[in-house]
Amino acid sequence: VIGYELLYRTPESKNVAKFRNGDQATGQVILDSFSSIGLENIVGEYQAFLNITENFLIGKYPVPFPPKRIALEVLETVNFNKEVINALTVFSHMGYTIVLDDVCTMEQIKPVLNLATIIKIDLARVNRQSLPFIVNELKRHHKKVLAEKVETLEEFTECKKLKFDYFQ
């Protein structure tokens, strides 16, 4: 175990994220983790992986956790414009772990690859033929690679052979 991903859920949708506003969902997760439950009670000594929206990245809303406690999981919906890249650079220099979520191609993460520590490969969406190339390319850039949505022993075995570092 390297950490726990904090996900937004409601009593009506315990296994699925149902929300209209990503900022609101991230804010609620932060509020619950920070005040209602307590981060220590949720993740213990491990790092919390927090899905983060563009507005949190660019400072419209605060990130109230210290860098050693939180991995900022950048959603695939975030547009890697200049403002976001600058913000990620600042967070990286502050010591936050930058995680790129739901990666399916190298092209989609090219603008921020140098800022990321962990790359999450979405097994359900990635082209399996290109998977060895993607993992090798990320390893060549000294990135930790996480296999996301590992659902079967066969998928786990395949990912182990490809030298993934982490599994979810």
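When a residue number appears, it is its place in the shown sequence, counting from 1.
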Next item on the list: Check whether the ring centres of F49 and Y4 lie less than 6.0 Å apart, and answer yes or no.
Entry: no
Notebook entry, point to check: Below 4.5 Å, heavy atoms only, C-beta onward: do I52 and E73 meet side chain to side chain?
Noted result: no
Check: For D122, which residues count as a side-chain hydrogen bond (donor to acceptor under 3.5 Å, both in side chains) partner, sequence neighbours excluded?
Finding: K149
Notebook entry, point to check: Hey, quick one: are L138 and F133 part of the same hydrophobic cluster, counting side-chain heavy atoms closer than 4.5 Å, chains of contacts allowed?
Noted result: yes
Donor-acceptor pairs are to be reported for all side-chain atoms of residues 95-105 against protein atoms at under 3.5 Å, with residues two or more places apart or in another chain.
| unit_1 | atom_1 | unit_2 | atom_2 | d |
| --- | --- | --- | --- | --- |
| Y96 | OH | F65 | O | 2.4 |
| T97 | OG1 | Q47 | NE2 | 3.2 |
| T105 | OG1 | Q108 | N | 3.2 |

Note to self: For residues 51-61, which residue pairs pass the salt bridge (Lys or Arg N to Asp or Glu O under 4.0 Å) check, not counting sequence neighbours?
What the structure shows: none
Note to self: Filter on side chain to side chain donor-acceptor pair (under 3.5 Å), then keep only pairs touching residues 159-168, sequence neighbours left out; what's left?
What the structure shows: E5-Q168, K120-Q168, K139-D165
Next item on the list: Output, in order, the C-alpha distance, side-chain angles, deciding distance and verdict of side-chain contact (heavy atoms from CB on, under 4.5 Å) for V126 and I134.
Entry: CA-CA 10 Å; V126 70; I134 293 170; 3.8 Å; yes
Note to self: Taking side-chain contact (heavy atoms from CB on, under 4.5 Å) as the definition, give me every residue that meets it alongside E83, ordered by chain and number, with sequence neighbours left out.
What the structure shows: I58, N81
Next item on the list: Check whether any side-chain heavy atom of L131 sits under 4.5 Å from a side-chain heavy atom of I121, and report yes or no.
Entry: yes
Next item on the list: Check the pair R69, E40 against salt bridge (Lys or Arg N to Asp or Glu O under 4.0 Å), reporting the backbone distance first and the verdict last.
Entry: CA-CA 9 Å; R69 300 296 305 163; E40 288 297 321; 3.4 Å; yes
Notebook entry, point to check: Any side-chain heavy atom of C159 within less than 4.5 Å of one from V135?
Noted result: no
Notebook entry, point to check: Nearest 0.5 Å, what's the CZ-CZ distance between F164 and F156?
Noted result: 11.5 Å
Check: Is the shortest heavy-atom distance from the side chain of V112 to the side chain of I85 under 4.5 Å?
Finding: yes
Check: Mind checking what makes side-chain hydrogen bond (donor to acceptor under 3.5 Å, both in side chains) contact with R128, not counting sequence neighbours?
Finding: E155, E158
Item checked: For the student: nearest non-hydrogen atoms of M106 and L113, plus distance -> CE-CD2, 3.9 Å
Next item on the list: Apply the test side-chain contact (heavy atoms from CB on, under 4.5 Å) to residues I109 and I119: give CA-CA distance (whole Å), side-chain angles for both, the deciding distance (0.1 Å), then the verdict.
Entry: CA-CA 9 Å; I109 60 170; I119 312 298; 4.1 Å; yes
Notebook entry, point to check: Minimum heavy-atom separation for Y46 to G3, with atom names?
Noted result: CB-CA, 3.9 Å
Notebook entry, point to check: Out of curiosity, F91 CZ to L57 CG, how far, rounded to the nearest 0.5 Å?
Noted result: 6.0 Å
Checklist line | pair L72-V63: side-chain heavy atoms closer than 4.5 Å | finding: yes
Checklist line | Verify same cluster id: L50, L146 (apolar side-chain graph, 4.5 Å) | finding: no
Check: Linking I/L/V/M/F/W/Y whenever their side-chain heavy atoms sit closer than 4.5 Å, directly or via other members, would I2 and I70 fall into one cluster?
Finding: no
Check: Any donor and acceptor pair, going by atom type alone, linking the side chain of S92 with main-chain N or O of L88 inside 3.5 Å?
Finding: no
